[in-house]
Student: 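Pasting a structure here, questions to come.
Below, chains carry the letters A, B, ... as their sequence lines are ordered, and counting in each starts from 1.
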Amino acid sequence: MTRITISQAAQHLGKPVEIAGWLYNLRSSGKICFPQIRDGSGIMQCVAVKAQLPEAVFDALKKLTQESSVIVRGKIRAEQRAPGGFEMDVEDAEVVQRVDEEKPYPVSLKEHGPDFLLDHRHLWIRSRKQHAVLHVRHEVIKAVRDYFDSNGFTLCDTPIFTPAACEGTTTVFEVDYFEDEKVYLTQSGQLYNEATAAAFGKVYTFGPAFRAEKSKTRRHLTEFWMVEPEMAYATLDDVKRVAEEMICFVVGRVLANRRAELAVLEREVTKLEAVKGPFPHISYDDAVKTLQKKGSNIQWGGDLGGTDETLLSENYDRPVMVDRYPAQIKAFYFQPDPVRPELALGVDVLAPEGYGEIIGGGQRIHDLALLEQRLEEHKLPREAFEWYLDLRRFGSVPHAGFGMGIERCVTWLCGIDHLRETIPFPRMLYRTRP
RNA sequence: UCCUCAGUAGCUCAACGGUAGAGCAUUCGGCUGUUAACCGAAGGGUUGUAGGUUCGAAUCCUACCUGAGGAGCCA
């Protein structure tokens, strides 16, 4: 008997096969019942007819409880009435573990509230929608890696324990490191990326980042995943080009390989099909003017708020790049604009449909004296940055890079309204379980 | 940290000062093509916690706890 996954059903029509999975749903009508089995690759509707089965097998199936693990054997045929288009005529079944009806599976197919679902996240991820979102996440991550791997970037992972906050300003999680030493969970691999870029030319790091800000919004997690490329001999324009190419590549992959998941999510595919280069570019100056015309009370020199990002992205059907922000609202390491030094050569990419910032990046300072001056202005402990300053002493070159938040990207592509559903086990303010 | 909202059956909600209810889930019964199947019946409650007002509180008031949304900050 050949064991197949449900996704392979079309290649095994008419042949005896077995499917190992869990009971997703069951409908029963006296002498016939329809167990729907999920196996992680899809959902298969089965048909069990009393007259054609041993009594024990039929009874076991008819009384099966939700999410009991079960192996079913039989032949598969095309069936229009079945969701998914295929159906198995069950000839035999083996219950691996039966969920006790006295303590039934808690996540029913009916509606639930967010608190309940998040408390049961370890089970919630079995449901169709969550399953689809996490499949899209997998596709996004794979596409991102494929893009960099096939464009001359070397994966150089950066440390998670760091001796100091990368950017000084934001709050970091402090960890006891053996006796008498404190380390911090990384907020970004960027500073280390600059070192590996000088070693390998083009690099990227892909890993978790931690932010201890008490942010309480649908766009924040305390632990999230970020891909950060960095390029030596590169400028702001290179960052913009690579970011655009990468986004188009990722969106294309999701459209090519995850149509079924997007359908489960009821995502408007045309909105994603519109994501093609070139992306619109707008300067921070113009962004502020546009926003003021639209009624925002943003002033020049202030950062774009969440509503500002939404207002701005409403103007476009694809991601928009906003560049040259005031240096004062950007991190210390941004290279100033040569014509207007009060501006930083940084760029943010805002996703369409109000999904906000998914990418932030820019060109880094390569001049030693200027970097030393910035460290002082930001009152950063110079000792901790000596190694970083070395990068400007030994073969410094113009270099640039960016970071993309994986969960924000997945949230946008899936068209869902909360970041927490795009990671298997979200870590948020006040929620660290399960 | 601040602002707003919400906690009633396992779940989703109703009852808004006068006997705590429905759908789903569970159990029992019915049904040979169900699509979050349907039909009949049963069990299931210290209304988040602690005080207060009242003849009477799920309902009004106060504090606290828990959660959600938003602000600031960011990916």
Student: Nearest to the side chain of A/V49 - B/C74, B/U32, B/U34?
Tutor: B/U32
Student: Taking B/G10 as the reference, what is the distance to B/G44 when you measure between their P atoms (whole Å, please)?
Tutor: 12 Å
Student: Would you kindly give the CG-to-C1' distance between A/L304 and B/C74, to the nearest whole Å?
Tutor: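 Computing the A/L304:CG to B/C74:C1' distance gives 13 Å.
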Student: Rounding to an integer number of angstrom, what distance separates B/A6 and B/U62 when you compare their P atoms?
Tutor: 14 Å
Student: Which is true for A/R431 with a 4.0 Å heavy-atom rule: it touches a base, it touches only sugar-phosphate, or it touches nothing?
Tutor: sugar-phosphate
Student: Enumerate the residues from residues 84-101 of chain A whose closest heavy atom to RNA chain B is under 4.0 Å, giving them by residue number; use none for an empty result.
Tutor: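 Within residues 84-101 of chain A, the residues near RNA chain B are A/E87, A/E101.
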Student: Any N or O donor-acceptor pair linking the side chain of A/S215 to the base of B/C73 at under 3.5 Å?
Tutor: yes
Student: Under the salt bridge (charged side-chain N to carboxylate O under 4.0 Å, His left out) definition, can you give me all pairs with a residue in residues 47-64 of chain A, not counting sequence neighbours?
Tutor: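 Salt bridge (charged side-chain N to carboxylate O under 4.0 Å, His left out) check on residues 47-64 of chain A returns no pairs.
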Student: Pick the closest RNA chain B nucleotide for A/K330 and for A/Q66 by heavy atoms, then say which residue is nearer the 5' end.
Tutor: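 Comparing both residues, the 5'-ward one is A/Q66.
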Student: Using a 4.0 Å heavy-atom cut-off across all strands, classify A/R128 as base, sugar-phosphate, or nothing.
Tutor: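 Result for A/R128 = nothing.
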Student: Would you kindly give the CZ-to-C1' distance between A/F402 and B/C74, to the nearest whole Å?
Tutor: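 Nearest whole value for this atom pair: 17 Å.
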Student: Can we say A/R324 and A/D337 salt-bridge, meaning some charged N sits less than 4.0 Å from an Asp/Glu carboxylate O?
Tutor: yes
Student: Hey, does A/P106 reach any base, or is it just sugar-phosphate, or nothing, if we go heavy atoms under 4.0 Å?
Tutor: nothing
Student: Can you check whether A/R420 has a side-chain N or O nearer than 4.0 Å to OP1 or OP2 of B/G69?
Tutor: yes
Student: Would you kindly compare A/N25 and A/I32 by the position of their nearest RNA chain B nucleotide and give the one closer to the 5′ end?
Tutor: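 Whichever sits nearer the 5' end wins; that is A/I32.
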Student: Tell me: CG of A/L429 to P of B/G72, nearest whole Å?
Tutor: 16 Å
Student: Hey, is A/Y430 doing a stacking thing with B/G67, by the 5.5 Å centroid and 30° angle criteria?
Tutor: no
Student: Taking the P atom in each of B/G70 and B/G48, what is the distance between them to the nearest angstrom?
Tutor: 26 Å
Student: P atom, B/U54 versus B/C5: distance in rounded Å?
Tutor: 27 Å
Student: Categorize A/S108 for me: base, sugar-phosphate, or nothing, with a 4.0 angstrom heavy-atom threshold over every strand shown.
Tutor: nothing
Student: Stepwise, does the ring pair (Phe, Tyr, Trp, His ring centres under 6.0 Å) test hold for A/F385 with A/F332?
Tutor: CA-CA 12 Å; A/F385 289 92; A/F332 72 93; 5.6 Å; yes
Student: By the 4.0 Å heavy-atom rule, please label A/E357 as base, sugar-phosphate, or nothing.
Tutor: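 If one applies the 4.0 Å heavy-atom cut-off, A/E357 turns out to touch the sugar-phosphate alone, with no base involved.
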Student: Does A/F116 reach a base, just sugar-phosphate, or nothing at all? Heavy atoms under 4.0 Å.
Tutor: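 If one applies the 4.0 Å heavy-atom cut-off, A/F116 turns out to touch the sugar-phosphate alone, with no base involved.
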Student: Are A/E94 and A/R73 packed together at the side-chain level, in the sense that at least one heavy-atom pair is separated by less than 4.5 angstrom?
Tutor: yes
Student: Scan for side chain to side chain donor-acceptor pair (under 3.5 Å) pairs involving residues 297-307 of chain A, sequence neighbours excluded, and state none if there are none.
Tutor: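 Pairs touching residues 297-307 of chain A that pass the test: A/D285-A/W300.
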Student: For B/G69, does either OP1 or OP2 sit under 4.0 Å from a side-chain N or O belonging to A/H418?
Tutor: yes
Student: When we call it a touch if two heavy atoms are under 4.0 Å apart, what does A/H120 touch: a base, just sugar-phosphate, or nothing?
Tutor: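 If one applies the 4.0 Å heavy-atom cut-off, A/H120 turns out to touch nothing in the nucleic acid.
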Student: Closest to the A/P104 side chain: B/G33, B/A25, B/G70?
Tutor: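 So the nucleotide nearest the side chain must be B/A25.
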Student: Under 4.0 Å between a Lys/Arg side-chain N and an Asp/Glu carboxylate O for A/K103 and A/D100?
Tutor: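 The answer is no: the pair does not qualify as a salt bridge.
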Student: Under 4.0 Å between a Lys/Arg side-chain N and an Asp/Glu carboxylate O for A/E213 and A/R211?
Tutor: no
Student: What do you reckon, is CZ of A/F200 surrounded by more than 12 foreign heavy atoms closer than 6.0 Å?
Tutor: no
Student: Within the 4.0 Å heavy-atom criterion, would you say A/L221 contacts the bases, only the backbone, or no part of the nucleic acid?
Tutor: base
Student: If I pick the C1' atom on B/U46 and the same atom on B/A20, what distance separates them, to the nearest angstrom?
Tutor: 13 Å
Student: Would you say the side chain of A/H112 and the base of B/C11 hold a donor-acceptor pair, judged only by whether the two atoms sit under 3.5 Å apart?
Tutor: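 No pair found.
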Student: What integer number of Å spans the P atoms of B/A42 and B/A22?
Tutor: 10 Å
Student: Measure the spacing between CZ of A/F224 and CZ of A/R427 and express it to the nearest 0.5 Å.
Tutor: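 Answer for the CZ-CZ pair, A/F224 versus A/R427, is 15.5 Å.
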Student: Counting the atoms with a prime plus P, OP1 and OP2 as sugar-phosphate, which does A/K103 contact under 4.0 Å by heavy atoms, base, sugar-phosphate, or nothing?
Tutor: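 The residue A/K103 makes no contact with any strand.
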Student: Using the P atom as the point on both nucleotides, what is the distance between B/C61 and B/G67, in whole Å?
Tutor: 24 Å
Student: Heavy atoms from C-beta onward define the side chain here; which of B/G33, B/G29, B/A68 lies closest to that of A/K63?
Tutor: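 That would be B/G29.
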Student: Using whole Å, what does the distance between atom P of nucleotide B/A75 and atom CH2 of A/W412 come to?
Tutor: 18 Å
Student: Polar atoms only, N or O, under 3.5 Å: list the protein pairs with nucleotides 38-41 of chain B and their distances.
Tutor:
none

Student: Which is true for A/D303 with a 4.0 Å heavy-atom rule: it touches a base, it touches only sugar-phosphate, or it touches nothing?
Tutor: sugar-phosphate
Student: Give the dot-bracket string for RNA chain B, reading 5' to 3', where a pair is Watson-Crick or G-U wobble with both distances under 3.5 Å, ( ) marks pairs inside the strand, [ ] marks pairs crossing earlier ones, | marks a partner on another strand, and . marks unpaired.
Tutor: (((((((..((((....[..)))).(((((.......))))).....(((((..]....))))))))))))....
Student: Measure CG/A/D115 against P/B/G67 and give the value in whole Å, please.
Tutor: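 Between P of B/G67 and CG of A/D115: 7 Å.
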Student: Counting neighbours of CD on A/E376 that are heavy atoms of other residues, nucleotides or ligands and sit closer than 6.0 Å, is the number greater than 12?
Tutor: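 Counting neighbours around CD of A/E376, 12 or fewer heavy atoms of other residues, nucleotides or ligands fall under 6.0 Å, so no.
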Student: Counting the atoms with a prime plus P, OP1 and OP2 as sugar-phosphate, which does A/G113 contact under 4.0 Å by heavy atoms, base, sugar-phosphate, or nothing?
Tutor: sugar-phosphate
Student: Hey, could you give me each pair passing salt bridge (charged side-chain N to carboxylate O under 4.0 Å, His left out) that has a residue in residues 151-164 of chain A? Not counting sequence neighbours.
Tutor: none
Student: Could you give me the CA-CA distance, side-chain angles and deciding distance for A/Y192 and A/W387, then say whether ring pair (Phe, Tyr, Trp, His ring centres under 6.0 Å) is met?
Tutor: CA-CA 10 Å; A/Y192 293 95; A/W387 70 268; 4.7 Å; yes
Student: Return the orientation label for the A/F148 and A/F153 ring planes: parallel under 30°, perpendicular over 60°, tilted otherwise.
Tutor: perpendicular
Student: In whole angstrom, give me the gap between the C1' atoms of B/U19 and B/U47.
Tutor: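 It works out to 15 Å between them.
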Student: Between atom OH of A/Y284 and atom NZ of A/K330, what is the distance when rounded to the nearest 0.5 Å?
Tutor: 10.0 Å
Student: Does a distance-only test, which skips hydrogens and angles, find a donor-acceptor pair under 3.5 Å between the side chain of A/Q45 and the base of B/U34?
Tutor: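 Looking at the base of B/U34, it does pair with a donor or acceptor on the side chain of A/Q45 (distance under 3.5 Å).
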Student: Roughly how many Å is it from CD in A/E111 to P in B/C13, rounded to a whole number?
Tutor: 7 Å
Student: To the nearest angstrom, how far is A/Q80 atom CD from B/G33 atom C1'?
Tutor: 14 Å
Student: Is any side-chain N of the basic residue among A/E230 and A/K202 closer than 4.0 Å to the acidic one's carboxylate O?
Tutor: no
Student: Using whole Å, report how far CG of A/L118 lies from C1' of B/A6.
Tutor: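 Atom CG in A/L118 sits about 16 Å away from atom C1' in B/A6.
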